[in-house]
Asker: 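Below you'll find the structure I mean.
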Amino acid sequence: MTWFNVATTSDLVDNSGVCVLVNGQQIALFSLTITGQNQLFAIDNFDPIGQANVLARGITGSIGDRLVVASPLYKQHFDLHNGQCIEMPEISVGVYPVQRQEQTIWIQLKSSQPRAETKMEAMV
Amino acid sequence: MTASQHILVVGNGMVGHHFVEQLRATAPTATITVLCGEPQLAYDRVYLSSVFTGKDRAELALTSEQHYREQGIKYHLNCWVSRIEPQSKTVFTANGENYHYDKLVLATGSYPFVPPIPGHQQEHCLVYRKLDDLTAIAHSAQDSQTGVIIGGGLLGLEAANALRQLGLTTHVVEFAPQLMAVQLDVAGGQLLTQKITALGLGVHTGKTTQAIVAGDECRYRLEFSDGSFLETDLVVFSAGIRPYDALAKDAGLAIGAKGGIIINDYCQTSQQDIYAIGECALWQNQLFGLVAPGYQMARVAASHLTGQALRFQGADMSTRLKLLGVEVGSIGDAHARTPGAQCLTYQDPIRQIYKKLVLNDSGDKLLGAVLVGDTAEYDTLLQYFLNALPLPAAPESLILPQLNANTPTLSADLLPDHAMLCSCHNVTKGDIVASIEQGHVELASIKRCTKASTGCGGCAALLKSVVDTELTLRGVAVNNHLCEHFAYSRQALLHLVQVEQLTTFEQLLQRYGQGQGCDVCKPTVASILASVWNEYILDNKHVALQDTNDTFLANMQKDGSYSVVPRIAGGEISSAKLLVLAQVADDFQLYCKITGGQRIDLFGARLEQLPLIWRRLVDAGFETGHAYGKSLRTVKSCVGSTWCRYGVQDSVGQAISIESRYKGLRSPHKIKMAVSGCTRECAEAQSKDIGVIATENGWNLYVCGNGGMRPRHADLFATDLDTPTLIRYIDRILMFYIRTADRLQRTSVWLEKLEGGLDYLRQVIIDDSLGLAAELEKQMAGLVNSYACEWQRTLDDPEALKRFRHFVNSPEGDSNILFVQERGQIRPATLEEKQQQQRIPVTMIESEEITHDMV
């Protein structure tokens, strides 16, 4: 397990996502302000339903108590805490530990984490 | 029936085939043999003429030999039965075979009646019934210029369509004084004649053909009993059909006085082991020449063979069809033959519409109806008829044009459970109720689970009313809340934003919402804020609300790449600007496609390329086209009086001026407009939200048209307007739409839902009945004056440009966006192609090795 320095706070967009490249892997990084508290989430950028690297460009929000991002392609919602797709619970994307230290954002990955693109092949 | 019994079926038309399918479904082990006289298995006879409009013959097939084999059904093609011997239960065929049966099913259908006119047996005198007949007609048409159909019934008009598709000058000759005498009354028949004549066909009613002799100008001459004549190269008889009952008659089965094999309620003939179904069968002295009753008989016979108790109880012969493009509907007692029947008729000679209701003597039940030219009310009327529902107090309102909102609608709770809502998929009101009881509470999921309204879609309005009524009965609130975060409609939210001067999503959510928002309410509120305040949408406080297309001011494609559409107002573009587009497309390797709105779409741009592309476009004078927004898209135009011989006004100039006025206008859904320079309407303005058509005196304004999934013709709103009035009306209509429509509601649906409809809209816009006109105009003026090109603004804003990076921590692009070449341009690579591209190095080594070995 390794922590990677992926971004600074000025790269983030409040209540929205950006994409970072970590160890060859595309990760969507979301910054949400909930009741005044800032929270960060990191999930795969690859949308396993739409088969494209777009989740960072989705709209964030909530369904009931669950914080979600909606895929900009076909609008399925993914739970930001566990990566599960709300509409198709058998499908999930990876979620990763993320933390902020001062102005720096860190994401923790297994060094042998499979690349998002190779997951796509596994699905087929 | 026992499993070892042998069921022999004679005939494999639509009904014979349906019987085989029904029987196989309930008796998987029964031995079934089919004797088919034609060279192929069952095909769809109803759509025969579509072969001449380009449909492949194979597409008409209802089954295949392989399917029959898989189902374990034995079949023999070109197999004509010559004799049936009921005593020994044996069927003899023309080619010398014989088949023993335990149960015999006759689905022999009918044959075309050819009147015994002298000369009817000549080479180019044909019939229209089978696929082989089509071949003969097409062959004969090759050496013919003119064709005549003898018989002006339903099939005759189908056949006339076939001849017309073959390019022949076509005539219809009918013995009766009108067309479609079975289904229509005299007035309906006359209107149908007018409409068909207008299409260029010759219609000759009340003509008895006495002889077919050699012609002077054409191959033949039809001599009529009144001394007149008609010359033609080709004759097709469609003078009715006769049941194919000769085999049954010879076998000693009971036959009706006018033909037809007599059957009981179980479709058994006078020999209980022999059944008859379809057009050859006579039930209670009635023949049934439509496919639906034939299918019912097939189901009854199959169920009786498997020991069930279905009964044939007659069939409704109501029909709705489109003949030669003319809509025709006939329900029940169209001729008002019931004693005491009374008629209500509506005739519109201008729009060429005829409608008649046949009522019982007390005027409260519908006995029948005739509709020509417009069959929109067919479904509702059929429900009244089939279920004997009490009619509303003023039944004429059911067929009168909807001049106001007071047109009574059929109340859904009046319908009995067996009422058929969707005849495409056989869905009754009971099926809908059952799906609601199973827990489906949304129209979409009810449609998915019952398939209702997923065929022709004609029952959509009725279905929605049934669903709404049933949900209300069960206490399920049918609300128009935006989503779980806002218990308000879009209209209410817009009102709150205006009145309380709210400028951000957070303010609105704090005061009137709950939760964190979602992908429904965020873009909706973003659109409302833009419609009211028109601030830059990528501003910090708005950017996270936007759909991805708005966020990146481009249209996301399936692979995560974007397409770019600069504004080309009115579709007018100089060669210099075309060169710029070509150069940009070339430099960035973009795929080019002309859009339906007369613009050029450039596909395959990566996120990080968008600012570079737009820098070039903006420098060359282009503006954003808002193809990504729920906003004004295009104002399409024809070339107009400047160039066109027929144009009466400058439609291009008008289109450019309108497009410049409303560009960037954010609205509940996209808005499309068009301006045509004359009544020929080359810009297709009547399919647009706002359509403008030039007249000698000014402009006609059409509103709320729509292409797309559910097309709607625009309504004529006002005529002969001068330009300032035209613009004033458009200002008011658009602003009123923006204020009152639901989220993602096109103007077409908005108008249909607007209480009071078109007349109410006219009162608000033209008569200013709400006193809103000045305010609406002022708001629009504010939006027009605050327009700024979003791309120009973005290029000048380094903060905004930061978002146009695929990775915030790397200059690389998305390695999953890959293209291949097709027809000289790029297209997204498929998954397989992507995998191949990634393996290229491996493949190359292998091929080198092979080459090496070969050397």
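Model, not experiment: these values are computed from the prediction. Sequence lines set the chain letters: A, B, ... in the order given, protein chains first and strands last, and positions in each chain run from 1.
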Asker: Between chain B and each of A/Val68, A/Val18, A/Leu73, count heavy-atom pairs under 4.5 Å; write down the option with the most.
Answerer: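 Winner by heavy-atom pair count: A/Leu73.
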Asker: Look at the rings of B/Phe552 and B/Phe804 and say which category their plane angle falls in: under 30° parallel, 30 to 60° tilted, over 60° perpendicular.
Answerer: perpendicular
Asker: Would you say the ring centers of A/Trp106 and A/Trp3 fall short of 6.0 Å from each other?
Answerer: no
Asker: Within the 3.5 Å criterion, strictly below it, is a donor on B/Tyr536 or B/Thr794 matched to an acceptor on the partner's side chain?
Answerer: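 The answer is yes; a qualifying pair exists.
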Asker: Among B/Val808, B/Asn549, B/Leu607, which has the most heavy-atom pairs under 4.5 Å with chain A?
Answerer: B/Val808
Asker: Below 4.5 Å from any heavy atom of chain B, which atoms of A/Ser10 appear? Answer side chain, backbone, both or neither.
Answerer: both
Asker: Could you check whether atom CD of A/Glu102 has more than 12 heavy atoms from other residues, nucleotides or ligands sitting under 6.0 Å from it?
Answerer: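 Atom CD in A/Glu102 is not packed in, count stays at 12 or less.
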Asker: So what's closer than 4.5 Å to chain A heavy atoms on B/Gln546: side chain, backbone, both or neither?
Answerer: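 Contact with chain A: backbone only.
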Asker: Can you tell me which portion of A/Leu67 sits under 4.5 Å from chain B's heavy atoms? Options are side chain, backbone, both or neither.
Answerer: side chain
Asker: With a 4.5 angstrom heavy-atom cut-off, is it the side chain or the backbone of B/Glu506 that approaches chain A, or both, or neither?
Answerer: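 Side chain of B/Glu506 only, per the 4.5 Å heavy-atom cut-off to chain A.
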Asker: Which residues in residues 34-43 of chain A have any heavy atom closer than 4.5 Å to a heavy atom of chain B?
Answerer: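 A/Ile34 fall under the 4.5 Å cut-off.
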Asker: Do A/Asp44 and A/Gln25 touch side chain to side chain, with heavy atoms closer than 4.5 Å?
Answerer: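 Yes - at least one pair of side-chain heavy atoms lies under 4.5 Å apart.
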Asker: Name the region of A/Asp14, side chain, backbone, both or neither, that has any atom closer than 4.5 Å to a heavy atom of chain B.
Answerer: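 For A/Asp14, the backbone is the part near chain B, not the side chain.
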Asker: With a 4.0 Å cut-off on N to O distance, would you call B/Glu822 and B/Arg827 a salt bridge?
Answerer: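 Salt bridge flag = yes for B/Arg827 with B/Glu822.
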Asker: Looking only at heavy atoms and a cut-off of under 4.5 Å, which of A/Ser16, A/Gly61, A/Cys19, A/Ala56 has the most pairs with chain B?
Answerer: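 Of A/Ser16, A/Gly61, A/Cys19, A/Ala56, A/Cys19 has the most heavy-atom pairs under 4.5 Å with chain B.
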Asker: Report the C-alpha separation of B/Arg490 and B/Gln745 in whole Å, then their side-chain angles, then the decisive distance to 0.1 Å, and conclude whether the side-chain hydrogen bond (donor to acceptor under 3.5 Å, both in side chains) test is met.
Answerer: CA-CA 10 Å; B/Arg490 178 188 173 278; B/Gln745 189 175 47; over 6 Å; no
Asker: Give, as side chain, backbone, both or neither, the part of B/Asp519 having an atom under 4.5 angstrom from any heavy atom of chain A.
Answerer: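 Both parts, backbone and side chain.
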Asker: Of the backbone (N, CA, C, O) and the side chain (C-beta and beyond), which part of A/Val13 lies under 4.5 Å from a heavy atom of chain B, both, or neither?
Answerer: side chain
Asker: Between B/Ile817, B/Asn540, B/Asn809, which has the largest tally of heavy atom pairs under 4.5 Å with chain A?
Answerer: B/Asn809
Asker: Taking the side chain as everything from C-beta on, heavy atoms only, tell me whether B/Arg743 gets closer than 4.5 Å to B/Pro668.
Answerer: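 With C-beta onward as the side chain, the pair stays apart.
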Asker: For atom NZ of B/Lys558, decide whether the heavy atoms of other residues, nucleotides or ligands shown that lie under 6.0 angstrom number more than 12.
Answerer: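 Open: at most 12 neighbouring heavy atoms sit under 6.0 Å from NZ of B/Lys558.
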Asker: Using heavy-atom distances under 4.5 Å, tell me whether B/Thr551 contacts chain A through its side chain, its backbone, both, or neither.
Answerer: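 Answer is neither: B/Thr551 stays 4.5 Å or more from chain A.
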Asker: Between A/Asn53 and B/Asp814, is the side-chain hydrogen bond (donor to acceptor under 3.5 Å, both in side chains) condition met? List the steps.
Answerer: CA-CA 7 Å; A/Asn53 290 307; B/Asp814 181 359; 2.8 Å; yes
Asker: Could you have a look at A/His77, A/Arg57, A/Lys75 and say which one has the most heavy-atom pairs with chain B under 4.5 angstrom?
Answerer: A/Arg57
Asker: Select one option (side chain, backbone, both, neither) describing which atoms of B/Glu812 are under 4.5 Å from chain A's heavy atoms.
Answerer: side chain
Asker: Are the aromatic ring centres of B/Tyr488 and B/Tyr512 under 6.0 angstrom apart?
Answerer: yes
Asker: What do the steps show when you test B/Asp559 against B/Lys834 for salt bridge (Lys or Arg N to Asp or Glu O under 4.0 Å), and what is the final call?
Answerer: CA-CA 12 Å; B/Asp559 59 349; B/Lys834 283 180 186 176; 6.0 Å; no
Asker: If you count heavy-atom pairs under 4.5 Å with chain A, which of B/Ser810, B/Cys521, B/Ala544, B/Ser561 comes out on top?
Answerer: B/Ala544
Asker: Kindly say whether A/Thr9 contributes a backbone atom to a donor-acceptor pair with the side chain of A/Gln103 at under 3.5 angstrom?
Answerer: no
